[in-house]
Structures are given as structure tokens and as C-alpha cells.
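Note sheet for the following structure.
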Amino acid sequence: MTSSVINTQPRLRQQTKVKWLKLLKPGLCLLPFAVFFYLFQLAPMLWVVVNSFLVEQSWSLDHYHEIFNSSFIQQGFRNSLWLATWSSVIGLAIAVLLVSSLRRINSKIRDGVIAFTNMSSNFAGVPLAFAFIIILGVNGALTLLLKQYGLIDSFNLYGQWGLLAMYVYFQIPLAVLLLYPAFDALKDDWQDAAALLGASSWQYWRRIALPVLSPALLGTLIILIANAIGAYASVYALTSGNYNVVTVRIASLVSGDLFLEPNLAAAISVVLMLILAFITLINQWLIARSYHAKS
């Protein structure tokens, strides 16, 4: 009896060792990702937060006082939020119409449109700004054509409405790619059943389709807003930094030749992160009250 107990002890230790190795193996596989996430996400964020409170190597809230007392910085936030909100809403509305139409057409055409959308979603930055200058600039092809037929008197691509047009352009492909899988949740039988019960197309979308799609729509809207607020290369290339948005202000404070204030740029970044966090919390609250949360 004693010998059998002694013989089983090494086996139990071996089984315990194997069990711990099985538990540690997923953690070891995630270790490179954790290091990468810390170096490129958490560490820069911590640096930004800490340096936003430093003024000449001492702790202070002066940078935040300057942000909330500066009309110029506040204008940058207003312009960024205006562009982000309207471009996201317009882009989302167009994407919903496009994706709902794609479900009704031939599969080859649908695959071609999705492939083109995937390609155009990566067309941003300086190339996108250059394309808009050629098409909608002062002497752009489309601008001259519309003037010739008397449809417009003038169009300022380098102002608020020109930037909105460019923002909407790069928001639509992203919204389509995000919404396309979500529309698979809609069953064709639902609309047929609603029609048999006397519901119109508007009633079907308002009472059935939109409640089902609401989590995807709200999540996509938040991603679009974040995408637009963080846009920098396109707006800078189009306006040469002359239009006041928050990303241009941050970049000018970090890399400016005359006004190099990285700590103030860090404080602006923290305020921007808080705005995005607040928008995300609202989104999560709305999703919690949506159709899927109640069902």
C-alpha cells in the first residue's frame, strides 16, 4: 500500500506540471502581443497623460486652463466635431442605402462593388487630397463642368464644405465594409411577412429592420466619428494646415518651428480622448437599450 502511494506521487507531480504548462501556453502565446500593445498603445498614452500635467518640470493644470480659455483651440475642436459628426451621419446614411441595395443584386456585381469599396477605403491621405484638387478644385474638372452649365457659381474646396465632401468620401467605404456583414441578420421572409400583415416598406424599416440593425449602426457611427476626428494627412494636404482642426493643432504644437509645445499638445490629446470616451459610453448605453439587449 505504501509503495503504491509513493509510486503515484511522481505521476501526480507530472500531471500537475502538464496542467500548469497547458494553462501557461496561451499566456506565452499572447506575450508578444501584450508587449507590442504596451509599447505602441499604453506607453504613448501614459506619456501623453503624464506630460499634459507638466509645465516646466512641475505639476500644473495650466495647459488645461489654456485649452478652455483659448478661442482658437476651442474652434479647432468645434470644427473637428462638426466635420466628424456630419460626415459620419451622411456617410452612414449613404452606406445603409448602398448595402441594402447590394443584397438585391447579382452576386458578381455585388462582389465587384465590395472589392472596389475595399480598395477605395485605403485611398486616403495625400493622394485623396490631390484627387479632390483635380476634380473639385478651383479649376477642377467637375467644378468647371458645373459652372459651364450654371449649376454652381463657385465652390471652395479648401473651406468647410469642401472638407465635408472629402470626409464623406472616405467615410462611405468604411461604413459599407462595417455594415455589410450586419445586414445578413435581416431575413427576406421578415419583409414578406410584414407586407402580408399590411405593413409598408417604411413601417418594416422603422419597426423591424432598424431595431435589429441598431447595434451595428451605432457602433459603425462611433467608429466613423473616431476615424474623422483622427484624420490629419488629407486635411493638411488639402489646406496646407490653414484650416483649424484639432489634429492640425496638435501636429503644429509637436513639430512647429516657432511654437513647439509638446506638453500643450498632450493636454489637447487628453481632452480629445475624453471626448471620444464620452461618445463611446453613450454608444454603449444606447446599445444596452437596443433590440438585442431587450430580446
Side-chain angles (χ1 to χ4, degrees), residues 79-137 140-143 145-146 151-152 155-186 205 209-210 212-239 243 245-247 276 279-280 283 286-287:
N79 290 341
S80 292
L81 289 173
W82 187 89
L83 287 169
T85 301
W86 282 109
S87 66
S88 300
V89 171
I90 296 172
L92 184 65
I94 296 173
V96 168
L97 295 175
L98 179 59
V99 174
S100 61
S101 301
L102 285 176
R103 299 179 71 246
R104 306 293 181 182
I105 63 177
N106 184 275
S107 59
K108 292 183 178 180
I109 299 176
R110 181 169 60 248
D111 293 342
V113 172
I114 293 298
F116 174 78
T117 303
N118 189 22
M119 179 189 67
S120 58
S121 66
N122 296 299
F123 185 64
V126 177
L128 177 62
F130 182 66
F132 264 78
I133 292 171
I134 294 174
I135 298 172
L136 289 172
L142 185 58
T143 304
L145 186 64
L146 294 176
L151 297 177
I152 60 172
F155 179 74
N156 183 16
L157 177 64
Y158 312 103
Q160 186 181 49
W161 296 105
L163 285 171
L164 179 62
M166 185 177 67
Y167 272 58
V168 170
Y169 176 85
F170 68 70
Q171 294 279 56
I172 293 174
L174 178 60
V176 169
L177 294 176
L178 292 173
L179 288 178
Y180 184 74
F183 270 73
D184 290 337
L186 297 179
W205 279 99
L210 289 179
V212 172
L213 294 173
S214 58
L217 293 174
L218 292 172
T220 301
L221 181 64
I222 296 303
I223 294 174
L224 294 180
I225 290 175
N227 182 53
I229 289 180
Y232 168 70
S234 299
V235 61
Y236 184 85
L238 187 65
T239 65
Y243 191 81
V245 292
V246 66
T247 50
L276 291 174
I279 295 173
T280 304
N283 172 63
L286 291 173
I287 289 177

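The CG atom of Asn118 sits 12.5 Å away from the OH atom of Tyr180 when rounded to the nearest 0.5 Å.
Every side-chain contact (heavy atoms from CB on, under 4.5 Å) that Ile109 has, sequence neighbours left out, goes to Ile105, Asn106, Val113. Under the side-chain contact (heavy atoms from CB on, under 4.5 Å) criterion, Ile94 pairs with Ile90, Val168, Ile172, not counting sequence neighbours. Looking at residues two or more places apart in sequence or on another chain, you find no ring pair (Phe, Tyr, Trp, His ring centres under 6.0 Å) involving Tyr158. In this structure Tyr243 satisfies the ring pair (Phe, Tyr, Trp, His ring centres under 6.0 Å) test with no other residue, sequence neighbours excluded.
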*Working for side-chain contact (heavy atoms from CB on, under 4.5 Å), residues Leu213 and Leu179*: CA-CA 9 Å; Leu213 294 173; Leu179 288 178; over 6 Å; no

*Starting from the C-alpha separation in whole Å, work towards a yes-or-no answer on side-chain contact (heavy atoms from CB on, under 4.5 Å) for Ser87 and Tyr169.*
CA-CA 8 Å; Ser87 66; Tyr169 176 85; over 6 Å; no

Sequence neighbours excluded and cut-off under 3.5 Å, please list the side-chain donor-acceptor pairs for residues 223-234, or say none.
residue	atom	partner	partner atom	Å
Asn227	ND2	Gln171	OE1	3.0
Ser234	OG	Gly125	N	2.9
Ser234	OG	Gly125	O	3.4

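A 4.5 Å side-chain heavy-atom check between Val96 and Phe183 finds at least one atom pair inside the cut-off. The shortest side-chain heavy-atom distance between Trp82 and Leu164 falls under the 4.5 Å cut-off.
Applying the side chain to side chain donor-acceptor pair (under 3.5 Å) test to every pair with at least one member in residues 89-101, sequence neighbours left out, gives no pairs at all.
When all heavy atoms are compared, the tightest approach of Ile133 to Leu238 is CG1-CD1, 3.6 Å. Nearest heavy-atom pair, Thr143 versus Gly137, reported as atom, atom and distance to 0.1 Å: OG1-O, 3.0 Å. In terms of heavy atoms, Met166 sits closest to Leu128 at CG-CD2, 3.9 Å. Across all their heavy atoms, Leu92 and Leu217 have their closest contact at CD2-O, 3.9 Å.
Here Phe170 and Tyr167 bring their ring centres to under 6.0 angstrom of each other.
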